Amino acid sequence: EVQLQASGGGSVQAGESLRLSCKASGFSTGDYAIGWFRQVPGKEREGVSCIDRSDGFTTYADSVKGRFTISSVTANNTVDLHMNNLKPEDTAVYYCTAILKAYGFRGYCDHPHYVNYWGKGTQVTVSS
């Protein structure tokens, strides 16, 4: 059974940091990339950052480049999203996801329809 357990959301002031963690289980590291998507009310879910744990390949949305870092902790099968210098526009529900890898394809975070599994969301609220 595929499980994606996200934790670490909360409320912070602009400029502060948060770390989200996703514990993944039930599937092979080599078969799925792990991604963080987010959603605000009235808008489509958007890809924030994704990682292919087999080779460390990462992608970031333009809006978070230089502020967010995704990393994989192999020992406990966890993927962390380190969010620094948070802005009010980062306020959203964040979802940990698993995306089935296909040969030559790296656009894991390009669109939510690529996602095969969604975890429960965790709320991030940034106040100005």
Side-chain angles (χ1 to χ4, degrees):
E1 178 187 4
V2 172
Q3 289 193 334
L4 298 164
Q5 297 177 306
S7 61
S11 297
V12 297
Q13 297 290 318
E16 294 183 342
S17 300
L18 277 176
R19 184 186 70 178
L20 303 182
S21 290
C22 176
K23 187 167 180 62
S25 62
F27 54 90
S28 170
T29 299
D31 292 337
Y32 288 85
I34 299 294
W36 287 96
F37 280 69
R38 66 186 180 186
Q39 186 174 30
V40 297
K43 290 191 176 181
E44 190 176 45
R45 292 178 181 181
E46 65 168 349
V48 176
S49 182
C50 288
I51 185 168
D52 182 339
R53 294 175 293 169
S54 62
D55 63 6
F57 177 81
T58 59
T59 64
Y60 295 93
D62 287 343
S63 60
V64 306
K65 283 180 181 176
R67 300 188 298 121
F68 290 13
T69 303
I70 192 168
S71 62
S72 176
V73 183
T74 304
N76 57 8
N77 212 18
T78 298
V79 171
D80 291 343
L81 184 67
H82 300 263
M83 306 184 294
N84 297 319
N85 190 22
L86 282 160
K87 302 178 180 180
E89 51 264 43
D90 295 317
T91 296
V93 177
Y94 285 70
Y95 297 90
C96 178
T97 69
I99 304 103
L100 184 64
K101 293 164 52 178
Y103 181 76
F105 177 71
R106 293 289 207 176
Y108 313 117
C109 267
D110 287 356
H111 198 281
H113 69 224
Y114 292 134
V115 175
N116 298 94
Y117 297 100
W118 294 86
K120 291 183 179 180
T122 183
Q123 177 71 45
V124 172
T125 303
V126 185
S127 302
S128 58

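The figures that follow rest on heavy atoms only: side chains count, while hydrogens, waters and symmetry mates do not. None of the values given here were measured: they were computed from a predicted structure.
Between atom NZ of residue K120 and atom CD of residue Q3 there is a gap of 10.0 Å, rounded to the nearest 0.5 Å. Between atom OG of residue S128 and atom CG of residue L86 there is a gap of 13.0 Å, rounded to the nearest 0.5 Å. For the atom pair CD1 (I51) and CZ (F57), the distance works out to 10.5 Å, reported to the nearest 0.5 Å. Between the OG atom in S127 and the CD atom in E16 there is a gap of 9.0 Å [rounded to 0.5 Å].
Counting only distance, with no hydrogens or angles, the side chain of T59 and the backbone of S49 share no donor-acceptor pair below 3.5 Å.
In this pair, F68 and Y94 present their aromatic rings tilted. The plane angle is within the 30 to 60° band.
Within the 4.5 Å cutoff, the side chain of L100 has no heavy atoms near those of the F27 side chain. Considering only heavy atoms from C-beta on, V79 comes within 4.5 Å of I70 through its side chain. Considering only heavy atoms from C-beta on, D52 comes within 4.5 Å of K101 through its side chain. Using a 4.5 Å cut-off on side-chain heavy atoms (C-beta onward), N77 and R53 make contact. In this structure, the side chains of I34 and S72 stay at 4.5 Å or more apart for every pair of heavy atoms. Residues W36 and C50 form no side-chain contact, since every pair of their non-hydrogen atoms from C-beta on lies 4.5 Å or further apart.
With sequence neighbours left out, F37 forms a ring pair (Phe, Tyr, Trp, His ring centres under 6.0 Å) with W118.
A single hydrophobic cluster is not seen to contain both I99 and Y60; linkage of ILVMFWY side chains at heavy-atom distances under 4.5 Å, directly or through other members, places them apart. Note: the hydrophobic cluster containing V115 does not contain L4 (ILVMFWY, side chain heavy atoms under 4.5 Å, direct or indirect links). The hydrophobic cluster containing Y117 does not contain V93, counting ILVMFWY residues as joined when their side-chain heavy atoms lie under 4.5 angstrom apart, directly or transitively. The hydrophobic clustering, which links ILVMFWY residues whose side-chain heavy atoms are closer than 4.5 Å, places Y114 and L81 apart.
Screening T91, D90, T122 for a side-chain hydrogen bond (donor to acceptor under 3.5 Å, both in side chains) involving R38 leaves a single residue, D90.
When all heavy atoms are compared, the tightest approach of R67 to N85 is NH1-O, 3.0 Å. When all heavy atoms of M83 and V124 are compared, the closest pair comes out as CE-CG2, 4.0 Å. When all heavy atoms are compared, the tightest approach of A92 to Q123 is O-NE2, 3.4 Å. Here the closest non-hydrogen pair linking G47 and A61 is O-CB, 3.5 Å.
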Just distance, no hydrogens or angles: give the donor-acceptor pairs under 3.5 Å from side chains in residues 17-24, sequence neighbours left out.
| residue | atom | partner | partner atom | Å |
| --- | --- | --- | --- | --- |
| S17 | OG | N84 | OD1 | 2.9 |
| S21 | OG | D80 | OD1 | 2.7 |
| K23 | NZ | N76 | O | 2.7 |

